[in-house]
Protein chains: 2
Amino acid sequence: MDVNGAIEKRVREAGLRPTRQRIALASLLFAKGDRHLSAEELHEEAVAAGVPVSLATVYNSLHQFTEAGLLRILAVEGSKTYFDTNTSDHHHFFIEGENKVFDIDPGAVKVLNLPEPPEGLEIANVDIVVRLRPKRVR
Amino acid sequence: MDVNGAIEKRVREAGLRPTRQRIALASLLFAKGDRHLSAEELHEEAVAAGVPVSLATVYNSLHQFTEAGLLRILAVEGSKTYFDTNTSDHHHFFIEGENKVFDIDPGAVKVLNLPEPPEGLEIANVDIVVRLRPKRVR
DNA sequence: TTTTTTGCAAACGTTTTGCACACAT
DNA sequence: ATGTGTGCAAAACGTTTGCAAAAAA
């Protein structure tokens, strides 16, 4: 298949062996645009799709993909770790209570006057999380 | 004592009984300016200071102080929750690897063009985390 | 005395690890 | 054949909870 061929190439180019599990996970992750997933969610999707990976393998793969630059870890509070399939510079809305994350229109936000980092350190990246809550009715 | 009297007043005004443990923890937290601490770290400090609180009590107190508006929860990735004694609007540097947090000069940063939140939601707050890493030598 | 708080140990949910077996090369 | 990757179950980690004993009101 064409799509799976592309996914396989992508996995291989990340320096990882294109195993059945990794290809299945990568397909779920990268097939349909930007996604924000926890390991648990991806595991459920995989199982539902008829690919019975173990949760441990999902964690392994997510971290391997992250190291390879295919994913980004999302910095939101809460117990779960979220992985973002969009690795380019962009920021997030976070809905309190629901633990839902989605992208802020990338063109929109601008940060001004970022201070210089202390001696010997450089900026790895800038994460903006805009926390949202239900609007109060008044 | 004067300092402890002030701390006690602060705890009491938060609607909490000024117990030995809460006063000790509040002293450690609020005595010396802005701090960013995990529960574990505060627990160690307390024990080192000769106040053998239990870790459970540290967690309880931190959450009670947070509800009372004396602390803010810090949203940096990673497994640990950090509490910030500075509850005013400001942002953070985060040193990767070291899990260290410190404030960005509050006057400095400005965010432009924040998009409107979706219907029915309002912005609770905006958190900026500037992740730092050791500068590469070249 | 009544109510709140504490401390312990056990429970919890998420993530990581050790190791035998299976798979990709 | 060799080296990786996988799956399971167990361990680890930070955090929360239930409950009896202790302290504050």
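Bear in mind the structure is a predicted one, so any value in this text is a computation, not a measurement. Letters A, B, ... are given to chains in the order of the sequence lines, protein chains preceding strands, and every chain is numbered from 1.
Residues B/L62 and B/L29 meet the side-chain proximity criterion, which asks for heavy atoms closer than 4.5 Å.
Residues A/I104 and B/L121 share a single hydrophobic cluster, defined by chaining ILVMFWY side chains whose heavy atoms lie under 4.5 Å apart. With hydrophobic clusters built from ILVMFWY side chains whose heavy atoms lie under 4.5 angstrom apart, A/V111 does not share a cluster with A/V129.
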Intermediate values then yes/no, side chain to side chain contact (heavy atoms under 4.5 Å, CB included), B/V51 and B/L25: CA-CA 9 Å; B/V51 187; B/L25 295 176; over 6 Å; no
CA sep, side-chain torsions, deciding dist, call: B/V11, B/L16, side chain to side chain contact (heavy atoms under 4.5 Å, CB included): CA-CA 6 Å; B/V11 170; B/L16 298 167; 3.9 Å; yes
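A/R17 has its CZ atom 6 Å from the C1' atom of C/dT25, to the nearest Å. If you measure from atom NE2 of B/H43 to atom C1' of D/dT16, you get 15 Å, rounded to the nearest angstrom. Atom CG of A/N60 and atom P of D/dG5 are 9 Å apart (whole Å). Look at CZ on B/F83: it is 11 Å from C1' on D/dG14, rounded to the nearest Å. Separating the NZ atom of B/K80 from the P atom of C/dT15 is a distance of 16 Å, rounded to the nearest angstrom. A/E41 places its CD atom 10 Å from the P atom of C/dT15, with the value rounded to the nearest Å. Straight-line distance from the CD1 atom of A/I23 to the C1' atom of D/dT6: 15 Å, rounded to whole Å. Here D/dT4 presents its C1' atom at 10 Å from CD of A/Q64, a figure rounded to the nearest Å.
In this pair, A/F93 and A/F102 present their aromatic rings tilted. The plane angle is within the 30 to 60° band.
The side chain of B/A39 lies closest to D/dT15, out of D/dT15, D/dT4, C/dT5. Nearest to the side-chain atoms of B/S54 among the listed nucleotides D/dG14, D/dG7, C/dC8 stands C/dC8. For B/P18, counting side-chain heavy atoms from C-beta on, the closest listed nucleotide (C/dT6, D/dA25, D/dT15) is D/dA25. Taking only side-chain atoms of B/Y59, from C-beta outward, the nucleotide of D/dG14, D/dA23, C/dG7 with the closest atom is D/dG14.
Under the rule for a side-chain hydrogen bond (donor to acceptor under 3.5 Å, both in side chains), the partners of A/H90 that lie at least two apart in sequence or sit in another chain are A/D84, A/H92, A/D103. With sequence neighbours excluded, no residue satisfies side-chain hydrogen bond (donor to acceptor under 3.5 Å, both in side chains) with B/E67.
In terms of phosphate contacts, A/Q21 brings no side-chain nitrogen or oxygen within less than 4.0 Å of OP1 or OP2 of C/dC23. Listed pair A/T19 / D/dG5 fails the phosphate criterion, with no side-chain N or O lying under 4.0 Å from OP1 or OP2.
Direction change of the helix axis from one end of the helix from C/dT1-D/dA25 to C/dT25-D/dA1 to the other is 30°, with five pairs defining each end axis (rounded to 10°).
Comparing B/A56 and B/R20 by the nucleotide of DNA chain D whose heavy atom lies nearest to each, the residue mapping closer to the 5' end is B/A56. For the pair A/L16 and B/Y82, nearest-nucleotide mapping onto DNA chain D gives the more 5' position to A/L16.
If you check every strand for non-hydrogen atoms under 4.0 Å, A/T81 touches sugar and phosphate atoms only. A/H63 comes within 4.0 angstrom of the backbone, heavy atoms only, and of no base.
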